[in-house]
Amino acid sequence: MTLPTALWTDIALGSLACIILLSESLLGPRLRKAIVFHGAWIGLVLIGILTVCTAPESEQAIGNYLIRPWTIPFRLCFCIAGALSVLLSRNLLSGTGHTHRRGLLVSGGVHIFLIICSTLGMFVVTGAQDLITFLVGIELATIPLYVQAAMLRDDFSSEASAKYLIIGSLSTAFTVFGISYLYGAGNSVHFDTLAQTLTADKHFAWVGVIFVLAGIGFKLSAAPFHMWAPDIYDGAPPPVTAYIASSSKAAGLAGLILLVYGPFQQLGADLENIFMFLAIISMTIGNLGALRQKRFNRFMAWSSVAQIGFVLMALTGGDLAIPSIAFYLLVYIIGNFIAFFVVNCLASNRPETFSNMRGLSKQSPLLALCLLISMFSLAGIPPLGGFFGKFELFLAAAQPGHEHFYLILFAAINAVVSLYYYMIVVKDIYITEPTHADNSTCPAIAILPSQRLTLVVLVIAIIVLGVWPAAHSWIFTLAGS
Amino acid sequence: MIESSWMILLLPFISFIGGILFLHKQPKLAAGFSILCNGAAMVMALILAVGFLSSDDTGYHALAHTWSYDWFAITDTLTVSIGALLDPISIMMLVVITVISTLVHTYSIGYMENDASAGRFFPLLSFFVFSMLGLVIAPTLVQMFVFWELVGVSSYMLIGFWYHKPSAVAASKKAFIITRFADAFFLTGIILMATQFGSIGFDAINQGATAFSSMNTANPSFSLEGGAVQVFTALAAQEGSAGFLGLNLLSWATILIFIGGWGKSAMFPLHVWLPDAMEGPTPVSSIIHSATMVVAGIYLTARLFPVFAVAEYTLSVVEFTGAITALFAAIIACTQRDIKRILAFSTLSQLGYMMFSLGVADMEHTAGFTASMFHVFTHAFFKCLLFLSAGLIIHSVHSNDIALMGGLRKKLKGTYFVTLLAVCAIAGVPFLFSGFWSKEEIIMAAWSNGHQCSAIIGLLVGGLTAFYMGRYFFLIFHGEYRGDAHHLEHAHENKFMLFPMVLLAIPTIIAGYPMLTGHTFFNTVIPQATLPTHPDHSASWIMPVAIAMAIGGLLVAWLKYGRRAVSFDTPSTNIVYRCISNKFYIDECYIFVTKKIIFRCVAAPMKLCDDYIVDGIIHSSAAIMRGCAAVIRHWQNGQTHVYLGLMIIGLALLAWFGGAL
Amino acid sequence: MPFLLNCTWILPTLIALSLMFVPKQKVGVIRGMSVAGVLGILALVVSLIIAFLAGDYASPVGSAETTLAFSYRTPWFEAIGNQFYTGVDGFSLLMMLMASIIALCGVLVSWTITDRCKEFFILLFILLAGTFGCFISFDLLTFFLFNEITLIPTYLLIAIFGSGKKEFAAMKLNLMLFGGSALIILGMAGTYSATGSFDMIAIANNQSETLGSIAMWAFPALFMGFGILGSVFPFHTWSPVGHASAPTAISMFLAGVHMKLGGYGCLRAAIYLMPEGAQEWMPLFMVLATISVVYGAFIAIRQRDLKYINAYASISHVGLVTFGFATLTAVGLKGGVLQMISHGFVTAVVFALIGCIYGRTHTRNIDEMGGLMKKIPFLSVCFVLAGFAVVGMPGTSSFVAELTIFIAGFSGSLDDTLRLVCGALCISSIVITAVYVLRTVNSVVHGPLVDNGHEFTDARFIEKVPLIILLTCIFAMGLFPGWIIELAEQSLTPVVTNLGR
């Protein structure tokens with residue numbers, strides 16, 4: 001049996017996890033620092049490149065494991081998000097000479113290892129061909145995050161971890177329960193069989209569908225399953241927050257698409273209604289929640305709820321849904337990471353509240369500009385990547401046969417609301433003069449060279465994605481078919 | 001000469017541009033330059049007129065389009081062009097305007113000699129003249145509107161010439177806005193004419209209308225070409241249509257156009273700007289009242305007379321308006337004390353004459369038309385003279401109030417004499433003076449064409465005119481001086497001011513004589529053979545009655561004001577008198593309507609609506625969102641069990657929505 | 001030539017980029033580069049117009065390609081049917097000419113800005129790039145993209161450099177304009193779903209039933225979307241507060257050019273693409289336009305702040321553009337286009353003057369001014385002239401434009417009572433306009449001099465230049481509108497043909 005080329009990435013990822021774990025436990029402190037940190041992000045980047053290089057033209061199967069071309073962009077997103085989280089951890093790892101306001105991670109090596117494990121879990125999700133593999137993948141992707149969330153020694157971190165674990169468990173329970181119903185209704189766990197047997201007239205099947213969707217809704221932090229997000233984002237260590245905000249959602253979406261276009265494909269129109277409901281609820285609640293937040297991470301949590309609403313809107317549509325979601329995720333992840341990088345720099349010596357961001361443009365024009373670009377990309381302003389990303393989500397919902405024009409109008413108005421709070425951020429960093437109290441307690445902002453470089457690369461990437469169609473058309477070739 | 005008629009238009013414009021750009025710091029040079037330019041224009045206009053009179057063909061066919069420049073195209077068929085249309089009435093107006101402008105410019109040297117901003121005055125005055133000249137030679141409605149507006153602009157600048165005086169500024173604004181109000185109707189009328197009758201050219205409109213009216217009289221005898229065909233067809237097409245509010249389209253269009261003239265010629269009740277316009281320098285008043293601006297409305301009506309005549313009700317409106325204004329203004333003039341206001345109301349009254357005279361004419365009986373133009377001609381000179389003399393008097397006694405004058409005949413001999421001539425002319429003192437002939441003609445035309453009511457009003461107003469002009473004259477020049485003796489000592493007659501007045505005295509007398517010679521100069525704009533019917537002398541009683549009214553009016557004035565000293569100390573308590581001397585409270589009505597109704601009851605609610613309803617909805621949507629956000633934050637309270645509970649509720653909702661339950 | 005055409009947005013982008021590398025202390029260099037930049041754009045536009053007039057673009061009817069001069073087309077985000085498709089017709093060229101002249105004047109009036117001068121000019125040039133991009137885009141998505149690009153610099157320019165309630169104003173302005181974008185997105189989604197393309201000319205030539213039925217709701221979405229930018233009642237409230245808070249140059253550019261993008265979009269992206277929708281919906285927009293015209297004028301009467309007065313005047317005059325469009329006749333469309341150009345110059349010069357006067361009086365309340373004619377005659381005379389331009393005196397560009405629009409209101413058959421009533425109301429607005437203009441002029445430049453007036457000095461050279469340029473444009477267009485009308489008429493032929501199908 002020959003190994004499909006596309007499987008190499010999964011194997012490489014597994015190996016990378018092992019190497020990191022081994023070097024963490026076996027190597028001396030000096031070497032460990034270099035290999036664990038640099039090895040991890042370089043490894044993830046290389047795996048990302050490998051993913052692109054080995055992208056299959058058609059589905060490649062090995063047993064019940066199926067590498068689909070459309071999942072390649074998602075896998076790339078996982079790798080990028082993983083590498084960026086590792087990079088973002090830099091000032092929370094021991095030995096950089098900087099100390100973060102919230103202390104260092106309990107164990108940097110384990111943290112990085114868990115990131116890679118979680119990434120591997122996401123890879124597994126995208127390769128799943130039956131419900132069991134799917135479940136395993138989801139859990140592999142999620143459980144490390146519970147641990148990571150507790151990696152700081154403060155109460156917030158512990159509380160976040162505990163909440164995440166409790167709510168996550170409930171959602172896992174939903175998923176498992178749903179899967180059992182699906183099995184009951186479809187008489188199989190295999191996606192191909194389920195695709196034939198799950199039909200809209202089976203009420204029994206619907207129970208399963210709803211529960212599974214609720215479970216995935218938790219991963220996506222789609223309303224009404226979003227309530228954990230603000231608390232966890234605020235309490236978890238910054239790189240973990242960023243990872244949860246990006247990769248974890250990407251995985252959830254990949255899983256969702258897998259199910260919708262796989263076993264649930266016969267449920268069609270009714271499923272569209274559910275997504276419409278989720279989309280409307282998510283964007284509305286997310287937007288309203290994000291208004292008048294005072295803490296940046298909570299704000300990002302709410303905004304991500306709203307963003308997921310837009311993505312779910314695309315799922316009500318036709319063929320355009322998968323590639324547009326994939327492209328959107330790419331720009332969304334980059335945009336998010338820019339914001340988290342900036343705030344992480346800022347937060348290393350002050351609480352990450354908006355009032356502490358005032359006057360940022362004077363203290364550090366680079367960070368201010370990056371944050372501005374990130375916010376505008378998230379808001380969908382051209383010529384940044386976010387514009388086309390978001391615009392395509394709208395188009396996806398307007399395809400012939402799936403014309404959800406009211407939804408589009410509603411979403412477009414929501415996009416305006418979201419613009420409001422993104423602009424508030426811009427206003428805080430560029431226009432509002434810091435009050436004396438805000439300013440006097442703030443020491444200078446230190447930016448690590450690696451993080452500065454990453455920021456610049458990311459900003460360039462998000463502009464390039466917005467004006468240079470190469471990545472866009474690559475995704476469409478892979479995912480459009 | 002006809003070919004270079006554009007020079008007449010250009011010269012005042014050069015005077016304006018040159019003066020405003022280069023000479024505004026040198027009043028003397030500016031004055032000289034503008035007199036030169038206007039004088040040259042006058043000479044050219046006179047040559048043109050002489051050439052015109054001496055040619056054989058003085059009827060309608062003498063219409064000459066001498067030059068034309070396509071300004072811009074609106075549709076394929078409708079192009080706005082700027083050009084010149086020379087025919088009897090426009091040549092007559094050219095002569096009147098340029099003559100008066102030259103004289104007024106000369107007069108202004110004396111009048112403005114102590115004014116620091118005289119350098120600005122002469123160019124602006126020239127601009128005024130330029131605008132009016134452009135108006136009278138306009139071959140199309142749009143060109144007329146263009147210069148019509150420029151007349152408005154220049155009058156605005158001249159009335160508000162002393163811009164530091166709030167009253168002058170207010171008067172200029174009032175003049176502009178009221179005429180602009182009328183212009184909105186005018187513009188609508190033009191647009192209706194252009195779009196519904198397919199032409200804006202006077203030629204085409206008038207020819208079409210004439211052909212149409214002669215078709216009605218079963219005499220379809222001449223051929224049409226160009227735009228006239230369109231006009232003819234359109235007229236024929238809308239004949240008999242029910243129209244809108246009982247008026248057919250043509251009546252609408254023509255009445256709307258006439259409203260433009262209504263405002264410019266300050267017909268009742270749009271007259272309120274004219275008395276206030278006295279705030280400007282007196283030379284400006286004299287030129288506004290004689291040759292420019294106010295006669296524009298009359299001129300417009302005359303220009304479009306054939307088409308007005310074809311329309312069902314328009315001429316009746318014209319007649320009615322004119323007659324009312326004539327009477328109304330004459331009554332007010334009897335009670336005024338401000339020297340310039342008396343003259344202003346007398347102008348209104350005379351304009352009323354001209355207007356109703358147009359209204360009493362029709363396509364068969366054009367005497368009224370001729371009479372009206374005749375009155376425009378004669379009135380221009382004696383009214384200009386009256387204003388110039390008033391300016392000189394004001395200059396001498398530093399007051400506008402006739403209550404503070406009296407006995408000035410000793411001090412201002414020349415003025416006394418020329419004013420006497422002008423007063424006789426306007427009062428209609430028989431035979432020697434021009435005003436008599438033209439006014440006589442008007443009343444005669446009205447009576448003979450069956451408009452007895454207007455004719456009687458005309459006679460009545462003739463008496464009133466004689467009375468108030470007599471009052472004016474006697475109060476100023478006779479009796480004892482009632483003002484500050486200090487001023488009287490310095491009173492003198494500036495030669496620059498006196499000279500044009502003396503010159504104006506000549507036409508004041510002789511301008512009426514063309515009447516006796518058959519007045520070919522006043523041949524009508526009306527094409528075809530409907531030659532001016534000479535007034536029907538069947539009503540031969542009219543002339544004696546008119547003469548009796550004039551003499552009687554003057555006599556009453558002499559008895560009341562000339563013979564004995566008059567006291568102005570106790571204000572009259574007579575309610576009728578007070579009502580009249582307050583101009584029937586029409587200004588107050590205007591203020592009520594604009595300040596109280598339009599500003600308070602229309603504009604203010606709109607602003608409130610904008611602030612609190614239109615904007616309020618937008619702001620409240622933001623407020624609603626903030627409220628919802630607060631609710632959401634309230635539930636986001638960090639309690640894990642709340643989150644779990646809500647998740648399960650959400651699940652139920654999802655199930656319900658998905659149809660599983 | 002296509003490259004030169006694209007340079008109109010590339011050049012400002014490059015200038016914005018290179019300004020980023022100039023140290024912010026070197027104000028002189030920044031100003032120099034900015035002036036050079038706008039002059040460069042002006043030169044580009046003028047050379048394009050010359051080339052356009054020299055070329056044979058006289059008969060634009062016919063196949064899709066020939067309607068555009070200097071067209072350039074390359075696939076862009078082609079997976080969703082998007083192309084980078086640029087080109088011009090006479091209409092766009094005229095708008096570009098106006099925009100570049102106003103931009104030049106805007107840079108000149110911003111000469112006094114020293115605080116954060118660098119940011120100011122960078123943002124201004126981004127705004128310019130977006131604007132010019134809009135005028136040359138013939139792909140709906142690209143057009144929309146450039147339109148969005150203009151909004152953010154507007155926000156920052158007002159919020160950073162403005163006065164008064166600047167942050168509130170900037171936010172309100174931006175949110176309302178993005179609200180317009182939301183409607184545009186809806187409309188675009190509709191057209192995309194019906195045609196699968198964003199190519200404007202292809203969509204305009206598409207006569208399928210699907211598009212026809214979608215146009216029934218996509219048209220109002222697009223028209224109103226752009227109409228918000230054109231401040232059509234009841235979505236005009238961003239403009240007074242926005243204009244009042246913006247710095248002078250930005251007020252000029254916003255009211256002069258940016259608002260015109262709304263009208264441009266209404267014509268280009270709504271009426272041209274969906275004539276069926278236009279026929280169906282125009283009565284509504286005609287009513288809204290008429291309300292804007294009359295309502296804006298009446299509110300201007302009640303305002304005391306110079307900028308508010310002019311902002312409401314702008315609402316009123318831009319309403320005439322919409323009214324012209326709403327008649328859906330060749331004359332009306334042409335009138336609308338002329339009014340857009342004319343109003344651009346007029347409002348720009350008024351805002352420039354307000355800036356100059358404010359710099360001296362330090363108040364914009366007309367009750368606190370008076371008699372300026374005595375001390376600052378140059379500015380006062382310009383103010384009076386500008387006032388007459390607002391009133392629409394013959395000789396100024398407004399007259400030509402307004403006359404054309406009014407004629408459109410009454411041309412053709414008179415059976416359409418709605419059109420007649422609206423037309424008559426629009427004409428009546430010229431009286432109300434006269435009221436507020438004269439009131440403003442009289443209380444600012446006439447009357448007794450204010451107490452502190454003796455210190456005022458008349459305009460300096462650098463202030464005179466933009467005023468003279470703009471007034472010259474107004475009078476030049478008023479006196480010799482021939483070629484402008486011809487260009488506009490030519491480029492409107494496809495739209496009119498489309499409406500007639």
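Below, read A as the first sequence line, B as the second, and so on, with proteins coming before strands; counting in each chain starts at 1. These figures come from a predicted structure and were not determined experimentally. The basis for the numbers below is simple: all heavy atoms, side chains too, and nothing from hydrogens, waters or symmetry mates.
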Quick one: do L78(B) and I407(C) satisfy side-chain contact (heavy atoms from CB on, under 4.5 Å)? Show the steps, please. CA-CA 10 Å; L78(B) 196 65; I407(C) 283 192; 4.0 Å; yes
Among [options], which residue has the highest count of heavy-atom pairs closer than 4.5 Å to chain C?
options: A604(B), A622(B), P166(B); result: A604(B)
options: V602(B), T195(B), T594(B), I82(B); result: T195(B)
options: F181(B), F185(B), Y156(B), F145(B); result: Y156(B)
options: K173(B), E149(B), K165(B); result: K173(B)
options: A170(B), S172(B), G152(B), C609(B); result: C609(B)

Is [X] close to chain B through its backbone or its side chain, or both, or neither, when contacts mean heavy atoms under 4.5 Å?
X: M393(C); value: side chain
X: Y308(C); value: neither
X: E486(C); value: neither
X: V241(C); value: neither
X: Y295(C); value: both

Step by step, work out the side-chain contact (heavy atoms from CB on, under 4.5 Å) result for W238(C) and I618(B). CA-CA 10 Å; W238(C) 60 268; I618(B) 287 162; over 6 Å; no
For the residue pair [X] and [Y], what are the closest heavy atoms and their distance?
X: V431(C); Y: A184(B); answer: CG2-CB, 3.6 Å
X: F298(C); Y: A603(B); answer: O-CB, 3.6 Å
X: V435(C); Y: I177(B); answer: CA-CD1, 3.6 Å
X: V445(C); Y: Y163(B); answer: O-CD1, 4.4 Å
X: A434(C); Y: R180(B); answer: CB-CG, 3.7 Å
X: F410(C); Y: L192(B); answer: CD2-CD2, 3.9 Å

I'd like to check [X] versus [Y] (side-chain heavy atoms, cut-off strictly below 4.5 Å). Are they in contact?
X: I191(B); Y: I427(C); value: yes
X: N442(C); Y: F176(B); value: no
X: F72(B); Y: L338(C); value: no

Between atom [atom1] of [X] and atom [atom2] of [Y], what is the distance when rounded to the nearest 0.5 Å?
X: M606(B); Y: I291(C); atom1: CE; atom2: CD1; result: 9.0 Å
X: Q303(C); Y: K607(B); atom1: CD; atom2: NZ; result: 5.0 Å
X: F235(C); Y: I617(B); atom1: CZ; atom2: CD1; result: 9.0 Å
X: H236(C); Y: D615(B); atom1: NE2; atom2: CG; result: 7.0 Å
X: T188(B); Y: L420(C); atom1: OG1; atom2: CG; result: 11.0 Å
X: D183(B); Y: I430(C); atom1: CG; atom2: CD1; result: 7.0 Å

Going by the angle between their ring planes, with limits at 30° and 60°, are Y69(B) and F480(C) parallel, tilted or perpendicular? perpendicular
Please rank [options] by heavy-atom pairs under 4.5 Å with chain B and give me the top one.
options: I484(C), I432(C), I299(C), I301(C); value: I299(C)
options: V400(C), L175(C), T329(C), V384(C); value: V400(C)
options: S411(C), P448(C), G447(C); value: G447(C)

Taking only Lys NZ, Arg NE, NH1 and NH2, and the carboxylate oxygens of Asp or Glu, determine whether R302(C) and D610(B) approach each other closer than 4.0 Å. no
Look only at the side chain of W71(B) and the backbone of P481(C), and say whether a donor-acceptor pair between them is shorter than 3.5 Å. no
For D367(C), is the CG atom crowded, meaning more than 12 foreign heavy atoms sit under 6.0 Å from it? yes
Assess whether side-chain contact (heavy atoms from CB on, under 4.5 Å) is satisfied between H619(B) and K172(C), documenting all intermediate values. CA-CA 9 Å; H619(B) 287 171; K172(C) 182 169 172 182; 3.1 Å; yes
I'd like to know whether I485(C) forms a side-chain contact (heavy atoms from CB on, under 4.5 Å) with I74(B), so could you lay out the CA-CA distance, the side-chain angles of the two residues, the decisive distance to 0.1 Å, and finally the verdict. CA-CA 9 Å; I485(C) 291 180; I74(B) 291 175; over 6 Å; no
